[in-house]
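Working notes for the structure below.
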Amino acid sequence: MAEFDHETLRASIGTRAGSVSRNDIAPALVAQAIAGGEGKFTADGALSVTTGAFTGRSPKDKFIVRDALTDRRVWWDNSGAMMPEAFERLLADAVASYGGLSVFRQDLIAGADPRHQYAVTVMTPSAWHALFIRNLLIRPNEGVELSPAARAATIVHVPRFKADPARHGSRGETVIALDMSRNIVVIAGTLYAGEIKKSVFSLFNFHAPEAGVLPMHCSANVGANGDTALFFGLSGTGKTTLSNDPARPLIGDDEHGWGEDGVFNLEGGCYAKTVKLSAEAEPEIFAATRRFGTVLENVVLDGNGKPSFDDVSLTENTRAAYPLTVLPRVAEGGAGGVPKTVVFLTADAFGVLPPIARLTPEQAVYHFLSGYTAKVAGTERGVTEPQATFSACFGAPFMPLHPTIYGELLEGKLRESGAAAWLINTGWTGGGYGVGKRIDIASTRRLLTAALDGSLEGAAMRTDELFGFRVPLQVPGVEAKLLTPRATWADAAAYDRQALKLADLFRRNFEKFGDGADAEPGPKLALAAE
Ligand code: ATP
Ligand code: MN
């Protein structure tokens, strides 16, 4: 197929628009967002915006165009399919909807490695969304050069355009449609900004394996000796929180590739959760929320314009978007070497998993494919039953290919690198949700430090009977009891029942991979529920 001409598409939007302002820098975008009534200043000078009905991603409204390229490669069990004709109509109607609007065009880079780069242009009628994506992606001339070989991508962002299911093949008025063959994305009917960054990630995740690059929903940082660490995990498990470490420059907090010589960031900014944010537990993120140019999304302000991070009346998913450059220490060039440590983060609301466990490479692949975390059932009183979530590769909504493709890439890279793999539970201890409490960030950081600095190599460990992984008996600065969840529960029999239940959920979830996946959970897990 002939190379698609993205400039023609972008120009056709420009022709219809009332005006196009191209590559405005942050102060200009803030000024236009304020002037246009899109948001307001916080007391500290950040830009505060709200997103109305959608305060999170809308995975069921996400579709991939089913064509010759994607038909046999996408894991359709996990992605909605859109017919090419429907996409053509959606694109044409979305382009027409820019008529007379002030349009903001941002030409940015995704991929700090010039061999695996996208030249991403976002067209949006919203100044604050332009600022958001400028904060999040890599701004040209900030230490990463745009390669002439970069693949072009265009995001047609029309948040107020309403899709028509009959005409566009959408589920409703909201749609996120990805054309992988031409790298065009249409985002309509939602103001939630995270859809923009995650659609770039989805394009990358579709294409990257072809070049032998493992795309990863993880954060990454690098230690004093150049040792790179990865932190995989679903939303809310601690990728952003734990990768912000004053002793370890940050590579990135969410989306990376593992290529021929190591890890590179896809992005150039962070999108941090701000719920219950405190200056003590998360000083770098807290400071970032107080600067001009940061976007605060759905954070409630008090009468003085101060953020109320404990106020979840709009959503629990409140966010701050800021460029990496505002952090005190970041890794140069958005890249790090081959990982020495790989951490899988989970927030186990069942209170069963230990706060840290060492995984064999087989167990690492098993946990990667399982992608376990748990959500607390809500804030209604009396609801104490957690909900297990299994999301393959810790990011199923944005991993278009079959999980075993990513699993095999990970397995190969773990073996080649000899990286140590750990499972870290940032969830509940002393009982499940409603009985126990979430482990404190300081304890998790101490466990993590021990894993990263090598002090657990050769440490005495027990083998977990159910899950088969190895659990250290002692970690400096951490109460030994914490390492054995059963000992933290008042009722040991209740722990055993809950543990069997969780093991059974793991086992049943893994059945979807059939015999194709040669990952072993550990000897007893398969027997747990028989
Ligand atoms: P996303 O993919 O949505 O960006 P994430 O994995 O980056 O999610 P974080 O933004 O790090 O998630 O969110 C972790 C949340 O859990 C934060 O609000 C943090 O304050 C809270 N938290 C509570 N206890 C812990 C702990 N022990 N370790 C890590 N985070 C914790
Ligand atoms: Mn994050």
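We count ligands from 1, going down the list as the structure has it; atoms in each ligand are counted the same way. We use all heavy atoms of the structure for the numbers below, so side chains are in, but hydrogens, waters and symmetry mates are not. What you see is a predicted model; the values in this text were computed from it and never measured.
For atom 19 (C) of ligand 1, the nearest non-hydrogen atom from the set L345, L447, T241 comes from T241. When L242, V275, T240 are checked for heavy-atom proximity to atom 29 (C) of ligand 1, L242 turns out nearest. For atom 13 (O) of ligand 1, the candidate residues are K273, K276, E255; the nearest heavy-atom contact is made by K273. When the heavy-atom distances from atom 22 (N) of ligand 1 to H217, R319, R438 are ranked, the shortest goes to R438.
For atom 20 (O) of ligand 1, the nearest non-hydrogen atom of the protein is E282 OE2, 2.7 Å. In this structure, atom 26 (C) of ligand 1 lies nearest to the protein heavy atom I441 CG1, 3.6 Å. Scanning all protein heavy atoms for the shortest distance to atom 8 (O) of ligand 1 gives G236 N, 2.9 Å. Scanning all protein heavy atoms for the shortest distance to atom 2 (O) of ligand 1 gives K239 NZ, 2.7 Å.
Crowding of K40 atom NZ: a count of heavy atoms from other residues, nucleotides or ligands under 6.0 Å not exceeding 12. In the displayed structure, E142 atom CD is contacted under 6.0 Å by more than 12 heavy atoms of other residues, nucleotides or ligands.
You'll find the side chain of L250 reaches within 4.5 Å of the side chain of C270, heavy atoms only. For the pair K306 and R290, the minimum side-chain heavy-atom distance is below 4.5 Å.
Using a cut-off of 4.0 Å between Lys/Arg side-chain N and Asp/Glu carboxylate O, E316 and K276 are scored as not salt-bridged. A salt bridge links R462 and D464; the closest N-O separation between the charged side-chain nitrogens and carboxylate oxygens is under 4.0 Å. Checked for salt-bridge contact, D77 and K512 miss the test: no charged N lies under 4.0 Å from a carboxylate O. We find that R248 and D227 are joined by a salt bridge, their nearest charged nitrogen and carboxylate oxygen being less than 4.0 Å apart.
By the criterion of a heavy-atom distance under 4.0 Å, the backbone of L234, and not its side chain, is placed next to ligand 1. Contact annotation: for T444 versus ligand 1, heavy atoms closer than 4.0 Å belong to the side chain alone. With a 4.0 Å cut-off on non-hydrogen atoms, D440 touches ligand 1 through its backbone and not its side chain.
Residues T318 and T274 have side chains that bring a donor and an acceptor to within less than 3.5 angstrom of each other. A donor and an acceptor atom, one from each side chain of S313 and D311, are located under 3.5 Å apart.
Aromatic rings of F390 and F510 (six-membered ring for Trp) have centroids beyond the 6.0 Å cut-off, not under it. Taking the six-membered ring wherever Trp is involved, the centroid distance between the rings of F232 and H256 does not fall below 6.0 Å.
The ligand atoms of ligand 1 that sit less than 4.0 angstrom from a heavy atom of D254 are 2 (O). Ligand-side atoms of ligand 1 in range of T237: 6 (O), 12 (O), range being under 4.0 angstrom from any heavy atom.
Not a single heavy atom of R445 lies less than 4.0 angstrom from ligand 1.
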Assess the residue pair S308 and D302 against the criterion (side chain to side chain donor-acceptor pair (under 3.5 Å)); give the C-alpha distance rounded to whole Å, side-chain angles, the decisive distance to 0.1 Å, and a yes or no. CA-CA 6 Å; S308 307; D302 71 12; 4.9 Å; no
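Checking only distances, I439 does come within under 3.5 Å of ligand 1, N or O to N or O. Checked against a 3.5 angstrom limit, the closest N/O atoms of G233 and ligand 1 fall outside it.
R319 forms a cation-pi arrangement with Y271, by the criterion of a distance under 6.0 Å to the ring centre and an angle within 45° of the ring axis.
Protein N/O/S atoms found under 2.8 Å from the Mn ion (ligand 2), listed by chain and residue number: T240 OG1.
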